Amino acid sequence: MTQILTLSEALPLDTLLSQVDTHGLTWEILPFTGELPKITGIGSLSDAVPNEIGFLANPKFFDLLQITQASAVILPKRAVDVLPKELPFVVVQCEEPYLLYARISQWFEKALFAGEQRKIHPSAVVSPEAKVGQNVCIHALAVVEEGVVIGDNVTIGAGTVVGKNVHIGAGTRLYANVTLYHGVQIGKACIIHSGAVIGADGFGFAPDHTVEKGAWSKIAQLGKVIIEDNVEVGANTTIDRGALGNTIIRRGVKLDNQIMIAHNCEVGEHTAMAACVGVAGSSKIGRRSTLAGASMVSGHIEIGDDVHISGGSGVMSSITTPGRYTGLWPIMEHRAWQKNAGALNSLYELRRRVQDLEKNLTQRED
Amino acid sequence: MTQILTLSEALPLDTLLSQVDTHGLTWEILPFTGELPKITGIGSLSDAVPNEIGFLANPKFFDLLQITQASAVILPKRAVDVLPKELPFVVVQCEEPYLLYARISQWFEKALFAGEQRKIHPSAVVSPEAKVGQNVCIHALAVVEEGVVIGDNVTIGAGTVVGKNVHIGAGTRLYANVTLYHGVQIGKACIIHSGAVIGADGFGFAPDHTVEKGAWSKIAQLGKVIIEDNVEVGANTTIDRGALGNTIIRRGVKLDNQIMIAHNCEVGEHTAMAACVGVAGSSKIGRRSTLAGASMVSGHIEIGDDVHISGGSGVMSSITTPGRYTGLWPIMEHRAWQKNAGALNSLYELRRRVQDLEKNLTQRED
Amino acid sequence: MTQILTLSEALPLDTLLSQVDTHGLTWEILPFTGELPKITGIGSLSDAVPNEIGFLANPKFFDLLQITQASAVILPKRAVDVLPKELPFVVVQCEEPYLLYARISQWFEKALFAGEQRKIHPSAVVSPEAKVGQNVCIHALAVVEEGVVIGDNVTIGAGTVVGKNVHIGAGTRLYANVTLYHGVQIGKACIIHSGAVIGADGFGFAPDHTVEKGAWSKIAQLGKVIIEDNVEVGANTTIDRGALGNTIIRRGVKLDNQIMIAHNCEVGEHTAMAACVGVAGSSKIGRRSTLAGASMVSGHIEIGDDVHISGGSGVMSSITTPGRYTGLWPIMEHRAWQKNAGALNSLYELRRRVQDLEKNLTQRED
C-alpha cells in the first residue's frame, strides 16, 4: 500500500495505462461490469488497499488473489485462465506483469515530481561560463563551475557540486549533495544519487625513497570518468577517475549504494552491482553480469559477460566462463566455527594424512 | 585525558553530578577530607590528569587505581571495599560506573554545544512552506524544502538538505552535509551524522527485453523511510526508501558509519550494527541483536531477537535462535593460506575419500 | 593517452623536466638529433600519442618500445643499453622511471589547477572569527565556522564544511563536499577527497537498563581526530573522533575511498589502505603496512610495522611479525562451493575420523 495520489487527483485505470510508457509491452483490460476504478497508487497483493493496482509476478503468490483488496491486478493469461470469471478486481492481462508494474511505477514517480519547478534557484551558484540547456532545474545551493555543459531537462539537486568542464546529458537527474569532479562525463537519462562522488583521484602512488623509507609519491590522476546513457549510480557510491586514460561505465549499468569502482575500470553494458561491491583498479567487467552485495573484485583482472558473483565473494583472478561463482564461509554457530576454523588451519596436512592412509591401505592390499 | 572546560568554567564535582541526567541511576560521593575538585573533563584511569574524573568499568584495570592522576573516580562498592580508606582521589560510588560515565560524557557534550546559536542562519534556504518548531537551529547553507515539519529543539547542520515533506521529531540533531530525501520521517532525539543519505531509491529493476537483451527497467521506489525515536545513524550510512511500503528503523537502533540498509528492511528495537554492515532488501532483523563490523545479511531473510553476528560474517538464510554466529576464514600466513585454500577446493572429495577408507577398513574387519 | 595541455601551451621536454620537483631523483636527456618535442601529456607506452611522454616501469612491457608513439620515454640505463642507438623517441634516462613519472604527473596536475582563482568566493560563509592564511582559495558555498585556523595556500572545495576550531595546515587541499567536525586537526600538504567525513562520533554506548532491557546510553565522543602531514584521505572515507583521547593518522598515510577508521585508532607512518577497508575501535596499525581492499581489522588489536594484509581478509587478533597474511574463501563455481561449504560444516569431525583411521591402522600394525 503506497498511495501516491489522492482520489481526486487519481486517473481511471484505462486513462492511466494509456499514459504509461509501455515501450512495446502489450496489455489489455479484461471486460468488467461497472465503472473502472481510479488508481491512487500501487500495492503488493497482500498490502494493497482499494483503488490501488497490484500484480502477480510470482506464481507462489497466486493464493493472495483470493484476499487482495487491490482494485486492479496485472495478471498473465495463464493465471486468468484458472481464475473464476467474476472477480472483485479488474484484470489487466499482460504477459510480463513485473515489467508492466515497473512502467506504471515510473508513471507514478513522474506524477510525484510533477510539482518540481523547472528553474534555477536563485541561491545556486552557476558559472556564467557554463552552458545550460532547456527546461533545466537547478535546486538551492547547487554549484555549477565554468565550462560545464548541461543538456535539456537535466535536474541538479540541492547542494550538488558540478566541477569544471563536466558534461551532463539530457534528462539526467542528480539528487542532492552529489559531487562530480572536473571533466567527468555523464550520459543521457542517468540517475545519480546523493553522496555519490564521481571523478575523485584513483589510488596511485610510487614508492619514494628520496623522502624516507616507505614513503609514497602521488601519481596525479589525469584521466576522466565517462558514464554512458541510462546508468544509475547509488547513494555514496564512488567512481574514481583514471590515472592515464579513463574509467568507463557503459550504457545501462546499474550500481547500487556504497559501491567503489577504482581507476581505469570498465563496466560493460547492463551489468548490475548490488550495494557495497568493490572493484579494484584496471579491472574489466563484461556485459549483463551481476555482482551481488559486498562482493569484491581484485585489480587488473577480467570478468566476462554473463558472469554472476554471489554476495560477499572475492574474485581474485579472471573469470571468463559464464556462470555463477561463490566464495564465502557459510555462517554457523560460533562454537562450531571455532572448531572448524581450527581444523582449517591444517587442512592441507589433513589431505596429506588421507593420502598416507590410502597409500598404506593399498600397500597392504598388494 | 580529554579536557572540555577550563578550570574557571568547570564546576565542583557535586554540582556537576547533580546536573547530570542520571535517569534513575544512583551514585554517592564518599566522605573526603578537603574541598571537592572542579571537574574539567574525563579521562581513562591511565590518561586522566588532575581535575578529571575517571571510572573503573572493568576489574582488569583495578591496578591502575594506584597510579591514576584523576581527581575523582567512579567505583562500584566491591572495589571500594578492598581499597584503603585514604585515597588520593574522591570516590563516586556507583554500581554501574560505565553507565554513569556515559551520562557524565553527555553532560560535557551539552556544555560543548552550549555556545551554539539557536537560530536560522541567514544563508540557509528554508521554504516558507516548511513548519519550523521552537528553538530550532539551522546552520549555514542548509536547505529545507517545502512541506517539511521540524520539531522543537532540532539542529540542522551546515549544508544539510532536507527534502520535501520530511518530518523531523523534537530534539533531533542532523550534522553537516546530511541528505534526507522527500517524505522521510525521523523520530525524536535522533542523531544523524554527516554524509548519511536517507531515503535514496532502493535497487529495483525489472528485466526489460523490449529495450535490449539484458536491459533493466527501473522500478520507481515509491515507499518511505521511517526512523523512530532515539536512533543514531553514522556517517555515510545509507538507508533506502521502500519500493512499495516502507523501510523501518525502530526506536533505539544504533547504526555506525558506512552501513547500508536496503529497501523494505525492518530493524528492531535497540539493535546495534557496527560499521560497514550491509543488509539487503526486505530483510527483517529483530530486537536487541548486534551485527559486528562488515557483516552482511542477504535479502528476504529474517534474523530474530538477541542474535549476534560476528564481524565479516555473511548471513545467507534466516536465523531465529538467539546466539552468536560466525562465518569467516581465519587469517593466516599467505603461504599457509595458499595450501589450505588449494585443499579446500576438493574438501568434499576428501570427505568421500575418508568414507572410502572407513568402508574399506570395516570390510576388512568383517 | 591523456592530453593535459594544448600544443601551444606545452613546454619543450627539457624545460618541463627542469620545472619538475624531482626531490633528489636524477635524470638525463640522452643525445637526440633534431628539436626536443613539446610535451602535452603523459601516456602508457601502448596508448601514448605523439607529444606525450611515456615510461617503462616494468620490464614485461619492453616490447612496447617498438610500437609506442610517445615522443619521449623514461628508461633505466639497463634498458637503454640493449636498445638500438637510433630511436623514434627521445630517451629520458632515469633509474626510477615510475617515480619520475609520478613527479611529472604532479607537474601536469599543477598546470591543470593553475587557473584556479586563489580567493574566497563571495558565496562562501566564513566566520569572521576564523583565521585564514595567505593565498587561500575557498570555493563557492563552503562553510568555515568560528575558531578555525587555515594555513597558507590551503584550498577548500565547494560545499565543504569546516567545523568549529578545526586547524588545517599549509598547502592542504579539501575537495568539494568534505565534512570536518569541530576540533579536527589536519596537517600540511594533505589531500582530502569529496564526501570524506572526519571527526564524526565514534560508536560508543553503555547498556542502559534504566530505560529498557537492551537499550543503549550514548557515550559522548569527546576526543579529536589528528591527521599529520602528507596524508591523503579518499572519497567517502570516514575517520571518527576519539571517545576519550584521539584518533591519530600519522604522516604520509594514504587512505583510499570508503575506508572506515573507528575511534581511538592510530595508523602509523606511510601505511596505505586500499578502498573499503574497515578498522574497528582502538586498534593500532604500524608503519609501512598495507591493507588491501575490503580487509577488516577487529577492535583493540595491534598490527605491527611492515605487515601486509590481503584483500578481503579479516584480522581478528594482533599480528606483530612482518609478512603477508591472508584469509578469504577462494571463489569457485557455485555448485562446487555448495558441496565444499557443506563439507566444511563438519571439518573438525572429518579430522577426528582421519585420526580414528590412523589409530585403527597403527593398532593393526602392532
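These values consider heavy atoms only, across backbone and side chains, with no hydrogens, waters or symmetry-generated copies. Quantities reported herein were computed from a predicted structural model and do not represent experimental measurements. Residue numbers begin at 1 in each chain, while the letters A, B, ... track the order of the sequences.
- C/N340 places a side-chain N or O within donor-acceptor distance of the main-chain N or O of B/Y348, the cut-off being under 3.5 Å.
- Chosen from B/G41, B/G159, B/A140, B/G24, the residue pairing most often with chain C at heavy-atom distances under 4.5 Å is B/A140.
- Remark: C/L328 CG to B/I331 CD1 distance equals 10.0 Å, nearest 0.5 Å.
- No donor-acceptor pair closer than 3.5 Å links the side chain of C/W216 to the backbone N or O of B/G252.
- Note that NZ of C/K213 is 10.5 Å distant from NE2 of B/H270, once rounded to the nearest 0.5 Å.
- Of the listed residues B/R288, B/H23, B/Q258, the one with more heavy-atom pairs under 4.5 angstrom with chain C than any other is B/Q258.
- For chain C, the nearby parts of B/L344 are the backbone and the side chain; heavy atoms of each come within less than 4.5 Å.
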- Carefully, step by step, assess C/E349 and B/R351 under the rule salt bridge (Lys or Arg N to Asp or Glu O under 4.0 Å). CA-CA 10 Å; C/E349 284 173 19; B/R351 189 169 60 174; over 6 Å; no
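- In terms of non-hydrogen atom pairs under 4.5 Å with chain C, the most contact-rich of B/K254, B/R103, B/E109 is B/K254.
- When heavy atoms are compared at a cutoff of 4.5 Å, B/I191 approaches chain C solely by way of its side chain, counted from C-beta outward.
- Judged by distance alone, with hydrogens and angles left aside, the side-chain atoms of C/S217 form no donor-acceptor pair with the main-chain N or O of B/L99 at under 3.5 Å.
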For this session: Please step through side chain to side chain contact (heavy atoms under 4.5 Å, CB included) for the pair B/L347 and C/L350, ending with a clear verdict.
Result: CA-CA 10 Å; B/L347 178 59; C/L350 188 66; 4.2 Å; yes
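- Between chain C and the residues B/L25, B/D256, B/L112, B/V253, the most heavy-atom pairs under 4.5 angstrom are made by B/D256.
- Among C/V143, C/T321, C/D208, C/T237, the residue making the largest number of heavy-atom pairs under 4.5 Å with chain B is C/D208.
- Looking at C/S317, neither its backbone nor its side chain comes within 4.5 Å of chain B, counting heavy atoms on both sides.
- Proximity to chain C is limited to the backbone of B/S346, based on heavy atoms less than 4.5 angstrom apart.
- A donor and an acceptor atom, one from each side chain of C/Q221 and B/S105, are nowhere located under 3.5 Å apart.
- When heavy atoms are compared at a cutoff of 4.5 Å, C/A341 does not approach chain B at all.
- Residue B/R287: no heavy atom, backbone or side chain, is found under 4.5 Å from chain C.
- Using a 4.5 Å cut-off between heavy atoms, C/K224 does not touch chain B at all.
- When the candidates C/I319, C/D240, C/D356 are compared by the number of heavy-atom contacts under 4.5 Å with chain B, C/D240 comes out ahead.
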CA sep, side-chain torsions, deciding dist, call: C/V125, B/H121, side chain to side chain contact (heavy atoms under 4.5 Å, CB included): CA-CA 10 Å; C/V125 176; B/H121 193 280; 3.7 Å; yes
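- Contacts of B/W337 with chain C are made by side-chain atoms alone, with heavy-atom separations under 4.5 Å and no backbone atom involved.
- The existence of a salt bridge linking C/K164 and B/E116 is excluded, since no basic side-chain nitrogen approaches an acidic carboxylate oxygen closer than 4.0 Å.
- When B/L357, B/N345, B/I4 are compared by the number of non-hydrogen pairs under 4.5 Å with chain C, B/N345 comes out ahead.
- Remark: side-chain polar atoms of B/N257 are not paired, donor with acceptor, to backbone N or O of C/T238 under 3.5 angstrom.
- Counting heavy-atom pairs closer than 4.5 Å to chain B, the top residue among C/M296, C/E146, C/H308 is C/M296.
- With a threshold of 4.5 angstrom between heavy atoms, C/H182 approaches chain B through side-chain atoms but not through N, CA, C or O.
- With a 4.5 angstrom heavy-atom cutoff, C/V211 touches chain B via backbone and side-chain atoms both.
- Heavy-atom proximity under 4.5 angstrom to chain B picks out C/I259, C/M260 from residues 259-267 of chain C.
- Taking OG of C/S310 as the start and CE of B/M332 as the end, the distance is 11.5 Å to the nearest 0.5 Å.
- The residue among C/N177, C/T210, C/N236, C/T160 with the most heavy atom pairs within less than 4.5 Å of chain B is C/T210.
- Of the charged side-chain nitrogens involved, none lies within less than 4.0 Å of a carboxylate oxygen, so that C/R324 and B/E333 do not count as a salt-bridged pair.
- Residue with the most contacts toward chain B among C/V315, C/I309, C/N246, C/T179: C/T179 (heavy-atom pairs, distance under 4.5 Å).
- Interface summary for chain C: among B/E269, B/Q338, B/E96, B/K110, the most heavy-atom pairs under 4.5 angstrom belong to B/E96.
- In terms of the ring-ring contact (aromatic ring centres under 6.0 Å, His included) criterion, B/F61 has no residue partners (sequence neighbours excluded).
- Within residues 192-205 of chain C, the residues approaching chain B closer than 4.5 Å by heavy atoms are, in numerical order, C/G195, C/V197, C/A200, C/D201, C/F203, C/F205.
- Heavy atoms only, all atoms of each residue included: B/W329 and C/P330 are closest at CZ3-CD, 3.8 Å.
- B/Y98 pairs by the ring-ring contact (aromatic ring centres under 6.0 Å, His included) definition with B/Y101, not counting sequence neighbours.
- Contacts of C/A215 with chain B are made by both backbone and side-chain atoms, with heavy-atom separations under 4.5 Å.
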